[in-house]
Amino acid sequence: MNIRKAEKSASTGRCFGYAGIDPGDDSARRWVRDAIALLNRDAHRSADTHLIRLSLPALKGIDIYLKDESTHPTGSLKHRLARSLILYGLCNGHIGPRTTLVEASSGSTAVSEAYFARQLGLDFVAVMTATTSASKIDAVERFGGRCHLVDHASQVYDAARQIADDTGGYYLDQFTYAERATDWRSNNNIAESIFTQMAEEPHPVPRWIVMSAGTGGTSATIGRFIRYRGYDSRLCVVDPENSVFYDNYLSDDCALTGKKGSAIEGIGRPRVEPSFLPCVIDHMIQVPDNASVGAMMALSDHLFRRVGASTGTNFYGLCWIAAQMQAQDQSGSIVSVICDDGNRYANSYYDPDWRAAQNIHPLPYRDQISAFLKDGIWEELAT
Ligand SMILES: *Cc1c(COP(=O)(O)O)cnc(C)c1O
């Protein structure tokens with residue numbers, strides 16, 4: 001048989017439908033190399049995020065830590081994901097010097113991707129629901145991105161794909177690729193960072209790590225890392241109302257869909273996202289929206305600064321587990337995540353009029369969590 005030779009060019013091969021990428025074009029190849037170097041330099045200049053230990057004398061023998069992802073330059077844990085997704089597209093040969101980047105997002109990812117797209121000189125379009133916080137829409141636009149708003153959370157996927165098709169652009173597709181674009185074994189991913197920062201604590205291996213799911217990518221990374229390193233830690237995923245993740249966990253049914261979007265920005269989805277990996281999750285808790293917002297307020301009171309509502313969902317689950325541990329005389333550490341800054345939500349979750357209009361009534365839960373933090377006593381609420 002003869003030796004066969006071929007070179008890819010823009011005119012051959014199905015994966016080169018993206019504008020501006022011709023693998024035979026040396027200048028495009030150089031651009032990709034420089035783009036990756038630019039992202040790596042940005043990472044090299046960045047510091048790790050803090051792991052905060054809460055001071056809670058009433059919780060004897062139970063140490064509580066929060067990984068503060070609100071301090072990334074773009075304000076949320078999605079800073080890590082945006083960098084990973086864009087590197088993934090660059091290294092896969094899907095992003096070139098003239099590629100428009102497109103994303104479906106509940107907001108935070110779009111803000112972070114807009115930041116990196118601007119550094120790379122690429123156009124960026126975010127597809128989000130019209131209910132997304134004004135401050136996130138504003139941030140995307142300040143970073144030079146364009147926002148395309150749709151009515152319902154279930155419409156973002158098709159709209160993003162369509163815009164990518166129309167512009168010859170690249171749909172970053174966080175909901176599919178979050179779990180695989182993240183380097184789950186190392187590279188100081190959020191899990192490796194948590195375990196490294198815990199090393200000198202009294203209980204260095206957390207008994208529980210509590211995390212909510214939007215893409216499911218963070219919980220996938222944490223769950224895999226726990227197994228990979230052989231830790232005894234358990235992963236609890238907390239899910240808000242109107243999300244199908246909890247029911248999928250119980251039923252294994254991947255075709256579940258929800259009619260309403262989640263009221264907690266960043267988490268809870270109307271379909272079972274491909275990046276949500278139930279097999280690495282040890283326990284799930286469904287948290288009422290009122291409890292998420294109540295815990296958000298109680299934690300903000302405790303920290304003297306505002307956290308977002310998904311952090312409230314995380315914290316409600318964390319406190320519930322801490323109460324169970326207390327009841328069973330267990331000691332150990334519990335870790336969860338501050339996903340983003342609450343000032344993004346000054347005109348929503350922190351605004352009593354907005355809450356009343358949305359039928360969100362968090363005050364009994366705020367009192368429940370505040371009392372638990374102060375006295376270590378968990379009072380069940382009548383529902
Ligand atoms: C995305 C997001 C989450 C959930 O993280 P995933 O890794 O996508 O599951 C939680 N809170 C906020 C504010 C988010 O933007």
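Both counts, for ligands and for their atoms, begin at 1 and track the order of listing. None of the values given here were measured: they were computed from a predicted structure. Positions are given from 1 along the sequence.
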Any idea which atoms of ligand 1 are less than 4.0 Å away from a heavy-atom of [X]?
| X | value |
| --- | --- |
| C339 | 10 (C), 11 (N), 12 (C), 13 (C) |
| A213 | 9 (O) |
| D340 | 13 (C) |
| S108 | 13 (C), 15 (O) |

Answer yes when R161 and D166 have at least one side-chain N-carboxylate O distance shorter than 4.0 Å, and no when they do not.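 No, no charged N to carboxylate O under 4.0 Å.
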
salt_bridge(D48, R80) N-O dist < 4.0 Å: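 Between R80 and D48 there is a salt bridge, with a charged N closer than 4.0 Å to a carboxylate O.
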
Y345 with I369, same ILVMFWY side-chain cluster at under 4.5 Å: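 Both belong to a single hydrophobic cluster.
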
Quick check: [X] and ligand 1, any N/O pair under 3.5 Å apart?
| X | answer |
| --- | --- |
| S219 | no |
| G216 | yes |
| M211 | no |
| S76 | no |
| T218 | yes |

Any chance [atom1] of [X] has more than 12 other-residue heavy atoms, nucleotides or ligands included, within less than 6.0 Å?
| X | atom1 | value |
| --- | --- | --- |
| H203 | NE2 | yes |
| Q330 | CD | yes |
| D232 | CG | no |
| R142 | CZ | no |

Identify, for [atom], the protein heavy atom at the shortest distance, and state residue, atom and that distance.
| atom | result |
| --- | --- |
| atom 10 (C) of ligand 1 | I267 CG2, 3.2 Å |
| atom 12 (C) of ligand 1 | S310 OG, 3.5 Å |
| atom 6 (P) of ligand 1 | T215 OG1, 3.4 Å |
| atom 15 (O) of ligand 1 | K78 NZ, 2.7 Å |
| atom 4 (C) of ligand 1 | G214 N, 3.4 Å |

Closer than 3.5 angstrom, by distance alone: can the side chain of T100 be matched with the main-chain N or O of D123 as a donor-acceptor pair?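 No; zero donor-acceptor contacts below 3.5 Å.
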
Taking non-hydrogen atoms only, is L77 closer than 4.0 angstrom to ligand 1 via side chain, backbone, both or neither?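 It is the side chain that gets close, since no backbone atom is under 4.0 Å.
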
Might you work through the salt bridge (charged side-chain N to carboxylate O under 4.0 Å, His left out) test for R306 and D341, ending with a clear yes or no? CA-CA 6 Å; R306 287 174 169 182; D341 191 306; over 6 Å; no

If only side-chain N and O atoms count, and only distance matters, is there a donor-acceptor pair under 3.5 Å linking S275 with T215?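 There is no such pair (donor and acceptor under 3.5 Å, judged by atom type) between the side chains of T215 and S275.
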
